[in-house]
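A quick write-up on the structure given underneath.
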There are 4 protein chains.
Amino acid sequence: MLVVMQSHATEDQVRAVCRRIESLGLKAHPIPGAGRTAIGITGNQGAIDLGVLESMPGVIECIPVSKPYKLVSRDTKEEDTVLRIPTPSGEVLIGGQHIGLVAGPCAVESEEQCFAIAERLKATGVRLFRGGAYKPRTSPYSFQGLGEPGLKILAKVREKFGFGIITEAIDNESLDLVEKYADVIQIGARNMQNFSLLKRAGRAKKPVLLKRGMSATLDEFLMAAEYILSEGNYNVMLCERGVRTFSDFSRNTLDLAVVPAVKKRSHLPILVDPSHGTGKRHKVLPLSRAAVAVGADGLLVEVHHEPEKALSDGMQSILPEEFAELAGEMRQIAGVLHRIVN
Amino acid sequence: MLVVMQSHATEDQVRAVCRRIESLGLKAHPIPGAGRTAIGITGNQGAIDLGVLESMPGVIECIPVSKPYKLVSRDTKEEDTVLRIPTPSGEVLIGGQHIGLVAGPCAVESEEQCFAIAERLKATGVRLFRGGAYKPRTSPYSFQGLGEPGLKILAKVREKFGFGIITEAIDNESLDLVEKYADVIQIGARNMQNFSLLKRAGRAKKPVLLKRGMSATLDEFLMAAEYILSEGNYNVMLCERGVRTFSDFSRNTLDLAVVPAVKKRSHLPILVDPSHGTGKRHKVLPLSRAAVAVGADGLLVEVHHEPEKALSDGMQSILPEEFAELAGEMRQIAGVLHRIVN
Amino acid sequence: MLVVMQSHATEDQVRAVCRRIESLGLKAHPIPGAGRTAIGITGNQGAIDLGVLESMPGVIECIPVSKPYKLVSRDTKEEDTVLRIPTPSGEVLIGGQHIGLVAGPCAVESEEQCFAIAERLKATGVRLFRGGAYKPRTSPYSFQGLGEPGLKILAKVREKFGFGIITEAIDNESLDLVEKYADVIQIGARNMQNFSLLKRAGRAKKPVLLKRGMSATLDEFLMAAEYILSEGNYNVMLCERGVRTFSDFSRNTLDLAVVPAVKKRSHLPILVDPSHGTGKRHKVLPLSRAAVAVGADGLLVEVHHEPEKALSDGMQSILPEEFAELAGEMRQIAGVLHRIVN
Amino acid sequence: MLVVMQSHATEDQVRAVCRRIESLGLKAHPIPGAGRTAIGITGNQGAIDLGVLESMPGVIECIPVSKPYKLVSRDTKEEDTVLRIPTPSGEVLIGGQHIGLVAGPCAVESEEQCFAIAERLKATGVRLFRGGAYKPRTSPYSFQGLGEPGLKILAKVREKFGFGIITEAIDNESLDLVEKYADVIQIGARNMQNFSLLKRAGRAKKPVLLKRGMSATLDEFLMAAEYILSEGNYNVMLCERGVRTFSDFSRNTLDLAVVPAVKKRSHLPILVDPSHGTGKRHKVLPLSRAAVAVGADGLLVEVHHEPEKALSDGMQSILPEEFAELAGEMRQIAGVLHRIVN
């Protein structure tokens with residue numbers, strides 16, 4: 001933390017701030033400048049809310065300096081984390097050199113629907129299947145997902161087609177069930193700061209895919225992951241899915257620069273969801289290309305064989321044959337970057 | 001829903017869209033214009049995702065027309081809802097002519113702290129006391145609240161000082177306890193779209209204060225309230241607490257225009273939280289004035305007798321004597337608007 | 001500027017950064033912390049782009065500390081600036097204790113229109129008249145203003161009704177004319193960083209009203225004013241008119257917290273434009289109340305006697321009789337705050 | 001325009017709105033729905049501000065339907081516009097299949113600097129050189145560019161190295177000079193709605209590169225281009241350079257989804273500036289890859305041979321040898337998309 005004093009702050013005011021800092025068990029380092037004095041603070045500031053210094057006479061601002069995350073930081077672990085997702089057909093690697101593709105419908109609607117999509121996806125070489133049994137919907141009157149019967153359908157998809165399964169949990173109760181039936185537990189954007197759920201996910205035995213909240217800063221995103229790691233689950237992958245901005249031509253603004261930014265600060269893998277990130281079918285392919293090109297460790301793509309009949313998000317789902325084309329292109333772009341698509 | 005066709009869309013394309021609409025059991029109303037044709041859709045569109053029409057040939061855009069909320073809408077109930085919060089010293093009214101003030105610390109830290117603040121607040125005439133026993137914190141290493149022992153302290157504050165108690169629930173488990181100990185159940189900004197929690201709050205027997213999410217649109221905010229009403233709990237008040245924007249001089253951007261906007265669309269009362277809304281002590285008083293002036297039905301203000309020792313948010317807490325001054329000014333401004341401060 | 005080193009930065013890396021800083025003629029102050037070292041920089045950094053330090057090995061971030069504005073800062077001039085706008089009926093004061101109201105149509109459409117509005121406004125006690133002769137419009141096909149003939153109409157309004165005139169200049173050519181015909185030169189939001197125009201305004205002999213850009217940070221806003229002062233024109237007032245956010249229920253999000261924030265940092269007066277700030281007629285009155293309550297030094301309100309026939313922005317114009325009511329309420333709220341409405 | 005009535009609007013209110021619409025010379029199309037009535041409007045609405053209908057009794061909202069741009073629209077010209085930039089070494093094509101690379105320093109500092117950079121860039125195969133002689137800077141105390149002497153240096157770079165020259169104009173006076181010395185006139189983000197400058201650019205005889213404003217919607221961006229085309233200059237290319245959002249880890253949020261969005265609506269080429277778009281050197285290469293992958297028609301990259309000595313934006317400049325690597329990768333990614341890098 002750095003405390004910046006007003007240019008006309010008196011020496012007494014500077015001393016008073018230093019004394020207050022030291023009374024908190026910390027060390028104050030006044031830096032007299034040409035125009036004004038700043039005071040650096042060192043020592044363990046974890047539990048103390050230093051913002052109050054801002055209301056002391058002569059203080060203009062408090063600027064946080066050290067980053068609050070620990071376990072997710074590259075300072076703690078320098079090499080990339082590579083997740084190993086077990087599937088009936090062997091492990092799928094995500095992170096480091098490895099790019100993982102995940103495809104499937106927005107919502108699990110029926111066994112027929114999932115089998116139809118899974119069968120078509122199987123041919124594309126993708127090995128992870130997504131589909132929501134619990135759907136967070138803006139309206140209470142929209143389709144809310146099939147619940148446990150949906151999870152059972154996903155388990156059958158695993159068994160019959162050999163896919164690893166990724167699906168969302170929305171509260172502690174559904175997390176218990178998702179942990180039982182699926183291979184990866186997804187925490188959605190709206191729950192990124194549902195800290196109760198994050199702690200529960202941190203005690204789960206399965207890997208977690210954590211989506212960025214709609215208006216989460218990078219620090220908040222990494223701190224949400226820190227909640228999961230701090231409970232003992234180190235198998236976490238992040239996912240950018242678009243943030244909310246003034247921009248009105250797409251559902252969200254896909255913030256691809258977050259990918260190199262995460263990689264600079266953290267060892268965790270980060271995927272991109274171009275379907276939610278754009279909300280429009282014709283943007284899924286170009287943004288998928290861009291996501292792999294920018295360095296993402298994977299893609300989460302909504303695929304439906306009959307998007308016009310989808311119970312949710314049909315507008316942003318692509319066809320299985322479009323996904324096959326996409327997967328081929330991803331392999332080519334990954335090749336340019338000396339990476340491997342799983 | 002209105003489907004806008006491209007200016008060079010063919011008659012066949014227009015007809016195909018109309019057929020698709022009617023195959024969904026709806027009625028299509030083509031409106032041929034000078035430049036292009038638009039197609040209005042009528043009928044019950046609740047369960048159908050019409051966005052898929054956007055990918056039909058010749059279609060440029062689908063524009064939603066009807067608002068999705070029902071029970072919270074002024075269309076359903078024209079007169080203002082007035083909430084009656086029971087307290088040991090009689091009901092406090094919020095809504096209509098009545099402005100409700102709520103004050104107290106960010107977090108319940110100890111019985112001594114709560115009693116010290118409650119005693120000082122008592123003298124100001126405020127009748128609702130706030131304080132968090134469950135604190136959603138960005139960092140897992142920050143103070144997370146006292147939990148049930150904190151709720152018991154709040155219950156003692158009610159008993160000893162006669163306040164009504166408002167406190168936050170963060171998951172289904174804590175909601176059970178908050179419902180037991182408090183008078184109003186608060187759902188925080190980070191949980192505004194925790195639909196599982198909203199449904200549980202909808203089955204509670206106590207009034208709910210629902211804070212706007214950090215990047216919630218007005219429709220999403222009202223739909224979150226709709227979740228609560230749709231489960232049978234009609235005692236809901238909304239609360240604006242600042243939204244996230246590019247603006248960097250305050251923690252959030254307090255969006256006061258949402259107050260008249262809510263009042264135009266909904267019968268529910270709406271409060272303002274100038275403490276979280278600005279994150280800075282010296283802005284709490286001016287923004288409180290502005291909130292009452294713009295027509296808010298109440299204020300939620302963080303007050304601490306020793307803000308520099310607060311375990312959270314000390315930076316935005318004001319002193320009890322500053323709150324007394326604030327309460328006096330609020331009464332004067334309310335008077336200009338012919339309203340009553342409770 | 002503060003340079004934050006990585007936690008595993010070597011001593012050599014810290015030394016290299018210090019040497020680079022000193023090679024630039026500045027002084028480096030290393031602050032060794034528990035987790036990492038930070039390096040404070042003092043000396044005159046005006047002309048040097050220190051961001052490059054961020055790419056040196058071991059550096060994680062560069063954090064700017066000192067504020068870049070000088071002449072607009074309270075550090076330079078502690079007391080509030082009070083502008084004195086000359087009008088045929090005496091000076092109007094804006095700033096300090098004094099709140100100035102400005103009213104009139106969005107665009108000057110004709111002498112009849114301006115006279116009709118001016119006559120009705122005269123009765124309300126308002127003494128400053130606004131109206132655009134040059135209109136920045138999103139579309140090249142929209143009404144662009146009458147130009148110099150519009151300015152001549154405004155000059156007649158001054159002469160006939162005794163108003164002071166505020167009107168917008170959009171380039172150097174129009175600024176020459178506005179300076180000739182009007183009493184206050186307005187620089188619009190879209191030109192807030194048209195630095196060529198700001199410099200020209202800085203050489204003008206008349207006061208300048210500078211509107212905040214649609215996505216201007218507070219520092220950028222104050223720096224834009226600094227451009228004007230740095231050329232010698234100290235008669236500047238600022239104006240908040242809403243910023244662009246994700247929020248979609250009003251044209252812009254009026255950021256009222258900027259008022260106390262400006263007052264903390266600068267001695268310049270700041271007005272609020274609730275008409276552009278909301279874009280909706282029914283929000284003008286509540287947001288006007290809020291603006292005066294939050295401490296604004298004035299209001300800029302669009303008034304039209306026949307809003308449904310206005311050539312621009314009719315949607316956000318109120319009627320003269322609504323303005324009379326507004327002016328009365330403003331006087332009452334100002335009274336609560338011990339201020340005077342001019 | 002579509003006028004949406006309240007659900008309890010009376011038939012008289014609907015009729016009154018229809019009459020008002022027809023009194024304006026337009027045609028009203030009432031669409032009675034299950035819940036409420038909407039009224040479509042057809043006819044030439046160009047000059048009329050229909051927003052005022054929103055304040056009529058019973059009206060809840062007015063929703064614009066038709067897009068306001070004409071000349072820039074794909075409705076007007078279906079095939080991609082391909083710009084031909086003349087250089088001493090032959091034309092460079094931008095648009096359609098052709099991707100154009102542009103490189104050079106942020107600011108022209110001296111002949112030595114420009115020659116040093118140009119010589120190194122020559123070897124990479126890039127054929128368009130950028131460099132600012134007029135620099136819009138947030139602070140009046142920052143380096144503002146060399147002005148005409150800077151343009152003369154750029155003209156020498158053209159002559160000596162055979163590059164086409166792109167440089168920014170900031171007002172009508174500088175545009176006259178840029179038109180004389182350079183091959184492409186750049187309009188910067190801060191001037192995207194400097195309509196006076198756009199009109200002047202529309203009368204220029206050279207191609208124009210128009211950067212997106214920091215908070216410009218897609219419609220505003222295209223309308224700004226429309227200003228240039230409407231004055232007769234059809235040689236316009238757009239450029240995404242990042243928008244302003246809450247996200248704080250990079251200077252701006254590069255909105256790559258705007259590329260397919262522009263291509264859906266307009267025939268104009270669109271480039272991406274990853275240097276301003278991220279503000280950080282280590283993000284330039286990944287975001288350049290992403291920009292080409294998403295379908296951009298070119299890149300504008302800041303290159304400096306001694307970034308740590310740059311007078312502006314050194315922090316986001318890459319080295320000539322890094323650019324050589326980037327150019328090579330761009331050719332490979334373009335190959336995957338069957339496009340050609342010029």
Side-chain angles (χ1 to χ4, degrees), chain A residues 67 212-222 240 242-265 272 274 277-296 328-338, chain D residues 67 212-222 240 242-265 272 274 277-296 328-338:
Chain A
K67 290 300 174 196
R212 182 179 180 189
M214 247 172 284
S215 59
T217 63
L218 179 50
D219 279 0
E220 289 170 345
F221 191 16
L222 292 175
E240 160 68 22
V243 291
R244 185 153 276 176
T245 71
F246 70 88
S247 194
D248 57 357
F249 63 85
S250 62
R251 196 158 137 180
N252 297 290
T253 298
L254 198 66
D255 182 13
L256 289 180
V258 86
V259 173
V262 161
K263 294 197 164 297
K264 199 182 179 196
R265 288 162 182 77
V272 168
T278 64
K280 301 267 175 157
R281 207 162 156 179
H282 73 275
K283 293 207 188 86
V284 172
L285 182 54
L287 271 303
S288 294
R289 289 171 187 144
V292 170
V294 90
E329 279 196 8
M330 294 312 107
R331 289 192 177 90
Q332 291 181 64
I333 296 176
V336 175
L337 307 174
H338 311 295
Chain D
K67 291 300 175 197
R212 182 178 179 191
M214 246 171 284
S215 58
T217 62
L218 178 51
D219 279 1
E220 288 170 347
F221 191 16
L222 292 175
E240 161 67 23
V243 292
R244 186 153 274 177
T245 72
F246 70 88
S247 192
D248 57 357
F249 63 85
S250 64
R251 195 158 138 180
N252 297 291
T253 299
L254 199 65
D255 181 13
L256 289 180
V258 84
V259 173
V262 161
K263 292 197 165 298
K264 199 181 179 195
R265 288 163 182 77
V272 169
T278 66
K280 302 266 176 159
R281 206 161 155 181
H282 72 276
K283 292 208 189 85
V284 172
L285 183 55
L287 271 303
S288 295
R289 290 172 186 142
V292 170
V294 90
E329 279 195 9
M330 295 312 108
R331 288 192 177 90
Q332 290 181 63
I333 296 176
V336 175
L337 308 174
H338 311 295

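In what follows, chains carry the letters A, B, and so on, assigned in the order in which the sequence lines appear, proteins first and then strands, with residues in each chain numbered from 1.
For the set R244(A), K264(A), E329(A), the count of heavy-atom pairs under 4.5 angstrom toward chain D peaks at K264(A). Among the candidates V294(A), I333(A), D219(A), V243(A), the residue making the largest number of heavy-atom pairs closer than 4.5 Å to chain D is V294(A). Heavy-atom pairs under 4.5 Å with chain D were tallied for S250(A), S215(A), A261(A); the largest tally goes to S215(A). For chain A, the option among A290(D), P260(D), G242(D) with the highest count of heavy-atom pairs below 4.5 Å is A290(D).
Looking at R212(D), the atoms closer than 4.5 Å to chain A (heavy atoms on both sides) all sit in the side chain, from C-beta outward. Heavy atoms of L287(D) lying under 4.5 Å from chain A belong to its backbone as well as its side chain. Only the backbone of A216(D) comes within less than 4.5 Å of a heavy atom in chain A; its side chain stays farther off. For V259(D), no part sits under 4.5 Å from any heavy atom of chain A, backbone or side chain. Interface remark: L337(D) contributes side-chain atoms only to the contact with chain A (heavy atom separation under 4.5 Å). With a 4.5 angstrom heavy-atom cutoff, R265(D) touches chain A only via side-chain atoms.
Remark: of the listed residues T245(A), V258(A), D255(A), L256(A), D255(A) is the sole one forming a side-chain contact (heavy atoms from CB on, under 4.5 Å) with T253(D).
Closest of all the heavy-atom pairs between R289(D) and A293(A) is CD-O, 3.3 Å. In terms of heavy-atom proximity, F249(A) sits nearest to A257(D) at CE1-O, 3.5 Å.
F246(D) contributes atom CZ, which lies 7.5 Å from atom OG1 of T217(A) (distance to the nearest 0.5 angstrom).
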